[in-house]
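Some notes on the structure that comes next.
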Amino acid sequence: MTSLTEDHKELNFGIDGNINNCDEIAKHNSEIQRETSTVVEKGGGGGEEKEMAPLAGSSIHRSSSRPQLDLSGAAIQGNFEERDPAILLPNQSDDISHLALDIGGSLIKLVYFSRREDQPINDKRKKTTTARLGISNGNRRSYPILGGRLHFVKFETIKIKECLDFIYSKQLHRGGMDSRRWQSKGPSTENTVIKATGGGAYKFADLFKERLGISIEKEDEMNCLVAGANFLLKAIRHEAFTHMEGQKMFVQIDQNDLFPYLLVNIGSGVSMIKVDGDGKFQRVSGTNVGGGTYWGLGKLLTKCESFDELLELSQRGDNRTIDMLVGDIYGGMDYSKIGLSASTIASSFGKAISENKGLDDYRPEDISLSLLRMISYNIGQISYLNALRFGLKRIFFGGFFIRGHAYTMDTISFAVHFWSKGEAQAMFLRHEGFLGALGAFMSYEKHGLDDLMVHQLVERFPMGAPYVGGNIHGPPLGDLNEKISWMEKFVQKGTEITAPVPMAPPGTTGLGGFEVPSSKGDTLRCDASELNVGVLHLVPSLEVFPLFADPKRYEPNTIDLSDRSELEYWYTVLSEQLSDLVDKAVASEGGTDDAERRGDAFARAFSAHLARLMEEPAAYGKLGLANLLELREECLREFHFIDAYRSIKQRENEASLAVLPDLLKELDSMTEEARMLTLIEGVLAANIFDWGSRACVDLYHKGTIIEIYRMSRNKMQRPWRVDDFDVFKERMFGSGDKKPEPHKRALLFVDNSGADIVLGMLPLARELLRRGTEVVLVANSLPALNDVTAMEVPDIVAEAAKHCDILRGAAEAGGLLVDAMINIQDSSKESPSSVPLMVVENGCGSPCIDLRQVSSELAAAAKDADLVILEGMGRALHTNFNARFKCDALKLAMVKNQRLAEKLIKGNIYDCVCRFEPAC
Amino acid sequence: MERDGFEKNLGEKELRKSVDEVSNLALDIGGSLIKMVYFSRNSDSSVDCSSNGTLNNSILSGRLHFEKFETRMIDDWIKFLSTKQFRFCGSQCNQASANDTNIIKATGGGAFKFADLLKEKLGIILDKEDEMDCLVTGANFLLKAVHDEAFTYMNGEKEYVQIDQKDLYPYLLVNIGSGVSMIKVDSDSKFERVSGTSVGGGTFLGLGKLLTKCRSFDDLLELSHQGNNREIDMLVGDIYGGMDYSKIGLASTAIASSFGKAISKEQELEDYRPEDIARSLLRMISNNIGQIAYLNALRFGLKRIFFGGFFIRGHAYTMDTISVAVNFWSKGEAKAMFLRHEGFLGALGAFMSYEKNDPADEASHQIVKQFPNGSYCIEDGFQSSDSTNASDDGCITCRLQVTK
């Protein structure tokens, strides 16, 4: 068990960079051990070992109970999980299967699930907060839905052997096993059944049996397609998009208004399915002119070796040399009477009837394009006619033919648009190729995914996403070291890669994206139009923030990155910040050679993400600034930089706490109303301490924290650029004799560590507490820049409470000081009836916050809240600036970015925003 | 049509023309074919004055002739016409006046494209008639005036359909030329092009030539006779291991993906028989047209779908495939019908337009068109009883009413 403990230590460290106290770790581990032993009792045990990710090298030995063969697999596979340890849910069903296949004529699509609890932080703060807030299901271990990750991978069918190896090396076929069976029968997998669909499910059944010893259970293809599409359209917010003239527009589908729709699946042939509800559908039409026709005819005509090669050819083609256009017939004129322009194709391949030309006289590029247009256009037309016939508003196109290929989508869209005279729109799905596999996956019982809601899914794009996807080949990229090596070796700059595309790394962060085998010469690069599919993280504990005035109209992002100039701006900003961030990250890990290498690899990986997005802004779906910033944090975590700003945060917290008593004294000498103004000024002034802002980073070199804070506060000149302080003041103090009731509970979304929280938000919280308002400090679940995390806040509060009775009483009442106060019990009992000060995590690890996906404890805490205070650029400006709430809302921030200042408030850098919005 | 055939063909015609008076030449110049319709008066027939009591009118008995040439050989065609002093215009045959320019009714895209060429080489001015107008006029004329013009074709059985003239409209007219137009016809004069597809006869010939090195449409059709599409098409059974996908009503022999087997790594173009390729191509295109036509008929609640245009050419397998497609998608509720003069709708329509466009022209001819009276005009369908190529070259014996 020693090694297991060792694992936990490391694992735990991976998640929670703030635990730097050995006792904490020990307690933590013992708790986990208690839980695992529960599993052992309940489920016969062993299951957690399967999922427990070993660290590279160090913990392989713990797998000794496994069959010998698994050792290598484990060594390769496990390392991606180390930062996200998987802990079994004690009462989960043990027989959840992990793999489903769609074996088509040309591609094998895999969807597999890796178990993982969403956030296995298990601190005491949470327990007490949970108890305090009365969160019924706050104990995540009672959740019926399994947290974990859904991965999307594909192989070429002709390379089925690689697919089998992949499954074998990752032991995916055993994931479906009952863990008891695992334990008792050893490697026997005779009864393992894997769901599969597609024609190949019949064809290759024997091969799977022979090689992996698993039985394929065939699922009906149409059932799977529909189940997959329904799941995606309901569960993923911006799954569908339109594509006209090269422009992608993501479409938000109202879940309640999804049905009926027409699903057009373009595989070798084409099926058109009218979908009326879950499990309710009918194949109404189809056509035999589909992807197989394109490839088949294309191969005969051009000698292309692969579908993708053929597609790529088409991008350089000119169909006018082969197609007969209306203009060709009408001597260059339109046939306007019936609405045909001169460039309309009158007859596909109609020019190829020419007497004196043979096949060799036409460019393969032109042939491919003519063929593509003919087939896409035809499919679009027949689809529209069928939609019309059944009065269906929406047509979704999926299947391997499309492959995110811009021209194909454009052509289909054009056909639908043309024939419907603009009334119908073709829509496409980001996971188009995986409908069948996903549907097969859905056909397992007890996976609980049916009930999954949009807000419980988070999509992440791991390291290789900018390059990789699709057909997996080459050896598995296993541990961190291999990942780094790959980055070092092959990524030179930007997106230029001069190497074989790596295999999707196994483990839970496996790459799920499409791979674009567009290798040409020695530079390998994605087709710009290709969309990437990330790994879907299922986080059952996430909920929608309950205080939206209108949940349907909530849009977190203030900045629209689909605006090219915005994207370019942020690209530049993030690129410029990169080297500084890398320095900090490397320093945070001790500045070792290893850290240097990781830092370098991180920089390359993140630059590649940025470059990919510049090239194709829609590559990762609808991306807001919040997502982009989170991507950076995720990328850091991927290279095991747990908390790049750890020491900086610590230093600044200490420095700020040192001057806090003086500040509190100063405040207490003021009248109540003057104090409120000073407090708000203080919040705004302290918000200048932000490592996310370049301008502020420069400031740091010029003075100490308290100097900057004082200078900043003294410069506060009202009116601020956005100044609702008087309205806020009136709400707090009333006018004349009318004294309004204090708020019952306030949620304070805090931003940075150091002065920002200590000298800004904490004194404000104290004032609210003093007025009898319960205060919930809402902080990040995971580190992002120098933002304070929910794990750090209790320590800060405890330290501050040493000098302040109000804070101490409230913190005790909120259960924050259970441990910290043990040794200072002397004066703690004087205010037993104090309103509580609590801390909750927000469920995210980004400098911004998307309130559609917050932790269950925040959601629970919000239910009784009547005041929301959002502080800082990330949470109050970049996101949520336009959000409206059912309760009073105060948005406070100093704008530390000239461009944002101009754009948002028509002001300048260092202007302040104090926006108060009474309850809607 | 090959050059030899072309010359030979015209040579034969020439013989006849020397006997008959030719008038009212009308053209439909399409992307691949030039279709001609003209009237020849029986040399022995005298002018039969106003049998219907119309004064100052005379009725010419004669025949309507239908001929076609490949558009790409237009230079040969022009040379031929000019050397043979072919007389085109309606005004000549009447010996009224050999005056001014010759005006010929023409339709099709080529009427625009080749207008200058014809004027320069032959001194002909093309009077351009709208293509859709002509198609519809031609179809209406045929469906109303000619017995046994329409027929169904299923499993090799040709069955003539008696169309009640009063219950003709509305119908869907699918004209398959190089491309395909689908026209909803509501009355003699009211129609709308509701759809179409670029996958038509031009696609068949174009792709067919690239794939098989066939030189002509007819060769390609001939090849397809001997082919087996299973070699190249991916059938439902190929995917489902020989089984039907009965749940959704697909037989194992249904084509899942046209040319879907050609993705095979081992085989290249040379490894497939041209016959099989031609067959697959024909099925793909016919099936597709049948399906789109049916969907459009359904959309407008049209009971009848008539297929015309040069793609069909009375080719049994083509008609069969289209019929099967319509039958399959409509679950037996709709039937594809074909026209014996399928290729000449446009040209015939242009021909018909002589009458209405020249009210001032004393010498203009009128093909008498009070069809319901049935007293004259079209006597009886096809003059030629030879079954070989009736619908391509079958003349229509008729009388022409000449307005004095």
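From a predicted model like this one, the values you see are computed outputs, not experimental measurements. Just so we're on the same page: letters track the sequence lines, and every chain starts at 1.
At a 4.5 Å heavy-atom cutoff, the contact between B/L298 and chain A is made by side-chain atoms alone. With a 4.5 angstrom heavy-atom cutoff, B/S195 touches chain A via backbone and side-chain atoms both. Using a 4.5 Å cut-off between heavy atoms, A/F307 does not touch chain B at all. Only the side chain of B/M234 has a heavy atom closer than 4.5 Å to any heavy atom of chain A. Heavy atoms closer than 4.5 Å to chain A are found nowhere in B/F114, neither backbone nor side chain. Contact annotation for A/K303: only side-chain heavy atoms (C-beta onward) come within less than 4.5 Å of a heavy atom of chain B. With a 4.5 Å cut-off on non-hydrogen atoms, A/S285 touches chain B through its backbone and its side chain both.
Taking each heavy atom of A/G286 and B/Q291 in turn, the nearest pair found is O-NE2, 2.6 Å. In terms of heavy-atom proximity, B/W329 sits nearest to A/V284 at CZ3-O, 4.1 Å. Looking at every heavy atom in both residues, B/S257 comes nearest to A/S268 through OG-O, 2.8 Å. Among all heavy-atom pairs drawn from B/V194 and A/W419, the shortest one is O-CZ3, 3.9 Å. When all heavy atoms are compared, the tightest approach of B/G206 to A/I353 is N-CG2, 3.5 Å.
Under a 3.5 Å cut-off, the side chain of B/S198 and the backbone N or O of A/S347 do not form any donor-acceptor pair. Checked by atom type and distance alone, the side chain of A/K299 pairs as donor or acceptor with a backbone atom of B/Q267 at under 3.5 Å.
Contact count against chain A (heavy-atom pairs under 4.5 Å) is highest for B/G196 among B/G200, B/G260, B/G208, B/G196. In terms of heavy-atom pairs under 4.5 Å with chain A, the best-connected choice from B/D233, B/D271, B/L211 is B/L211. Annotation: maximal heavy-atom pairing with chain B below 4.5 Å, among A/G267, A/G291, A/A352, A/G358, occurs at A/A352. Ranked by heavy-atom pairs under 4.5 Å with chain B, the list A/L297, A/D323, A/I382 is led by A/L297. In terms of heavy-atom pairs under 4.5 angstrom with chain A, the leader among B/L207, B/N296, B/I29 is B/L207.
In this structure, A/I322 CD1 and B/T203 OG1 are separated by 11.5 Å, a value rounded to the nearest 0.5 Å. One finds the NZ atom of A/K351 at 15.0 Å from the CG atom of B/L205 (value rounded to the nearest 0.5 Å).
Between B/E268 and A/L300, the closest side-chain pair of non-hydrogen atoms is not below 4.5 Å.
With 3.5 Å as the limit, one finds a donor-acceptor pair spanning the side chains of A/N378 and B/N288. Judged by distance alone, the side chains of A/T293 and B/S258 never bring a donor and an acceptor atom under 3.5 Å apart.
Annotation for A/R363: atom CZ counts as buried by contact number, over 12 foreign heavy atoms lying within 6.0 Å.
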Walk me through whether B/L269 and A/L359 qualify under side-chain contact (heavy atoms from CB on, under 4.5 Å). CA-CA 11 Å; B/L269 184 53; A/L359 184 51; 3.7 Å; yes
